[in-house]
Protein chains: 2
Amino acid sequence: MAHESPTFSPLYRQIKDLIIQGLQSGEWRPGEAIPSEVELAHRFNVSQGTVRKAIDELAAEHLLVRKQGKGTFVSSHADPRAFFRFLRLVRQDGQIEPAQSVPLECLRARAGVEAARVLEIQPGDAIVVMRRVLRFGGKTLVVDEIYLPGDLFGSMTLEVLQTYQGSLYSLFESRFGVRIIRATEKIRAVAADRSSGDILAVPEGTPLLSVERVTYTYQDRPVEWRRGLYCTNEYFYLNELT
Amino acid sequence: MAHESPTFSPLYRQIKDLIIQGLQSGEWRPGEAIPSEVELAHRFNVSQGTVRKAIDELAAEHLLVRKQGKGTFVSSHADPRAFFRFLRLVRQDGQIEPAQSVPLECLRARAGVEAARVLEIQPGDAIVVMRRVLRFGGKTLVVDEIYLPGDLFGSMTLEVLQTYQGSLYSLFESRFGVRIIRATEKIRAVAADRSSGDILAVPEGTPLLSVERVTYTYQDRPVEWRRGLYCTNEYFYLNELT
DNA sequence: CAGTGGTCTAGACCACGGA
DNA sequence: CCGTGGTCTAGACCACTGG
C-alpha cells in the first residue's frame, strides 16, 4: 500500500509549530517564560517527552532558552549573549568589545527591483532606508546601509533610532514586534571609495570587508537587507566552521 | 549538603565518549556503519534511548550521519556534502562550483613561535609547509599557505598531494588518519602584494579576502594552520548566521 | 520543600530500505 | 519480510532554583 501522505509530520513537529504560533502571536513575549513542559503536555494532549523534543529543536534554533530549575524562556535580543551572534567583529587579540551604534539618517523611499527581490515585496512598495555607523572603543569601524520593508517599519524615524539604547535587533523586537531569527551574509573584499573612506578615516582604496546581509524572521520571511563596510585593520570577522 | 561531583556527567555523555573512542581508535572507519542502536545498547548495558541521545549529539556535530532504515555511518570528508562545510566560496549567482586543488610546493621546516603557539607544539618542532591554489571553473581564485605538525604529517610530499584526487581533508583522513572536526576563521580585507597578485592574475593592490584558519581534530587538538587569500570579484564567501 | 528542566528506562508502534 | 532508525508514551528518579 502506498503511503497516503507524503507530507507526514511527526507529532513533536506539530507541537513545535503550535509553540511557534504562540511566539509569533505574542502570547509569550521575549524574555518571558513559556508554560512548563508538563503544562504544555496537558494542553496539547501529548506526553511530556513529545513536548520536550519540540522544545529541544526550538532551543537549538535559539528561539527558546532552557534554564534548569527555572523554566523555558523566549529568547530576546535584549540578552547580551545574543548580540554577538549577529556581529562577528572581534579585536585582534580575540576579545569581544561592545559596539556603539550611531544613526546617521533615516528616510522613506520606494523599493527598486533589487531591494524588492531580496525583501520579497513589489517594486515601488514603501521601504525605509537608514544609514548608521558602529563604533568600537571610540573608533568608527563599520558603516551600514539598511533597507527595511515599510509595512513593518513604517514608524521608524531617526529620533527613534537615536533615542533607543541597545542593539538594532533589540529595537526591532521591542518596538516593531519583529523577531530576527537568522541571516545569511555574502562577504567580499572591496576598496574604500571617497565617502566610506572619509567615514572610516582611512585612505581611499583601503581594502574593506563588504558584508551583505539578508535577515529573516519567522517562516523565512526576509525583513532586512543591509550592506556593511568593515574596516579590518585592527579587528576581524570571526567565523566558526562546525 | 554540597554536591560532591562538580564534574557530573550524564550516562549518555559517557556513552558518547565511548563512541568517540571507537571513532578515534579506528574501530569504525569513515564511511562505514557503526553497530545498530540496540546492539550498542546491549554492549554498553544501557537502554536504546540513552544510546540514541549520544548518537543525536554526535550527528549534530557531524561526526556521524544517520540514515533511516540503513544505519548510522561514520561521516567522511570523501562525502561531497562535507566539502562545502569548509569551503564557503560560491559564485555570484549563489551556485556552488567544485574546486580543483593545485599543489605548488611542500617542504619541511621548524616551527616558529607563532606556528608553535597556534599548533600547540614547541618552537623548533618539525612542521610541514605547503602552498597550493584553488581553481574554480578554470580561474585561480584562492592561494593557500598551510602549516601542519610534523608528527602527524611527516610523510607528506608534493607527489602525494599531486597524486591524490579529492579534497585535502579527505587526504588527511584516508592517508594520515587525521579527521577534521571543526575550524575557526579570522577574516579581513587586505591588498594583493606582487606575488599573490601574480598568482591570482589581479593587479597589485587589489582587495582580497584574507582567511586565517585553525583546524581541529578530536579533543580540540589543532592540526592545521592556514592562511588563504581569496579573490572575490566574481565569487564570495557565504556565511549562515543561525 | 515544591516546581522546573534533565536523565533514564521499557515497551509499543511507525517509516524506510533492501533482500 | 526483517532490520534499521524515528516516534510516542508513561513513569521513575536526578539536578537545580528559589521561596
Side-chain angles (χ1 to χ4, degrees), chain A residues 1-19 22-23 28 31-76 79 81, chain B residues 1-19 22-23 28 31-76 79 81:
Chain A
M1 179 84 74
H3 195 335
E4 287 196 53
S5 100
T7 54
F8 163 75
S9 174
L11 232 195
Y12 75 85
R13 227 170 255 285
Q14 301 172 37
I15 302 300
K16 183 184 173 187
D17 288 339
L18 288 172
I19 296 175
L23 295 173
W28 311 302
E32 292 179 2
I34 68 170
S36 74
E37 295 179 354
V38 283
E39 189 176 335
L40 289 173
H42 284 127
R43 179 186 308 193
F44 298 135
N45 270 295
V46 298
S47 77
Q48 186 189 350
T50 300
V51 170
R52 237 191 119 60
K53 182 138 189 178
I55 293 180
D56 278 345
E57 289 204 356
L58 291 167
E61 295 165 15
H62 304 111
L63 295 190
L64 297 177
V65 177
R66 298 175 170 286
K67 297 184 185 174
Q68 189 177 34
K70 301 181 70 174
T72 301
F73 298 78
V74 183
S75 61
S76 166
D79 181 345
R81 283 167 299 191
Chain B
M1 179 84 73
H3 196 335
E4 286 195 53
S5 103
T7 55
F8 162 76
S9 173
L11 233 196
Y12 75 85
R13 227 171 254 285
Q14 301 172 38
I15 302 301
K16 182 184 173 187
D17 288 340
L18 288 173
I19 297 175
L23 295 172
W28 311 303
E32 292 178 3
I34 68 170
S36 74
E37 295 178 354
V38 283
E39 190 178 333
L40 289 173
H42 284 127
R43 179 187 305 195
F44 298 135
N45 271 296
V46 298
S47 77
Q48 185 189 351
T50 299
V51 170
R52 237 192 119 60
K53 182 138 190 180
I55 293 180
D56 278 345
E57 289 204 356
L58 291 167
E61 295 165 14
H62 304 111
L63 295 190
L64 297 177
V65 178
R66 325 183 81 127
K67 298 184 185 174
Q68 191 178 48
K70 300 182 68 175
T72 301
F73 298 78
V74 183
S75 61
S76 166
D79 180 345
R81 282 167 299 190

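Lettering follows sequence order; numbering is per chain, from 1.
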T72(B) and L58(B): CA distance, side-chain angles, deciding distance, side-chain contact (heavy atoms from CB on, under 4.5 Å) verdict: CA-CA 11 Å; T72(B) 301; L58(B) 291 167; over 6 Å; no
Test log, rule side-chain contact (heavy atoms from CB on, under 4.5 Å), inputs Y12(A) and V46(A): CA-CA 9 Å; Y12(A) 75 85; V46(A) 298; over 6 Å; no
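Whole-Å rounding puts the L64(A) CG to dT4(C) P distance at 16 Å. With rounding to whole Å, F73(B) atom CZ is found 9 Å from dT4(D) atom C1'. Between F8(A) atom CZ and dG6(D) atom P the separation is 12 Å, expressed in whole Å. Counting to the nearest Å, the P atom of dT7(D) and the CD1 atom of I15(A) are 14 Å from each other. We find that CD of Q68(A) is positioned 6 Å from C1' of dG5(C), with the value rounded to whole Å. As a whole-Å value, the separation of Q14(A) CD from dT7(D) C1' is 12 Å.
Side-chain N/O atoms of K70(A) include one lying less than 4.0 angstrom from OP1 or OP2 on dG18(D).
Side chain of Q14(A) to backbone of S9(A): a donor-acceptor contact under 3.5 angstrom is found. With hydrogens and angles ignored, the 3.5 Å screen pairs a side-chain donor or acceptor of S75(A) with a backbone N or O of L63(A).
Closest to the side chain of Y12(A), from the set dT7(D), dT7(C), dC16(D), is dT7(D). Closest to the P10(B) side chain, of the nucleotides dG6(C), dC8(C), dG5(D), is dC8(C). Closest to the L11(A) side chain, of the nucleotides dG6(D), dT7(C), dT9(D), is dT9(D).
Environment of CZ in R43(B): crowded, with over 12 heavy atoms of neighbouring residues, nucleotides or ligands closer than 6.0 Å. No more than 12 heavy atoms of other residues, nucleotides or ligands lie within 6.0 Å of NE2 in H42(A), so this atom counts as exposed by the packing criterion.
Near-neighbour residues of DNA chain C inside residues 34-57 of chain A, defined by a heavy atom below 4.0 Å, number-ordered: S36(A), E37(A), R52(A).
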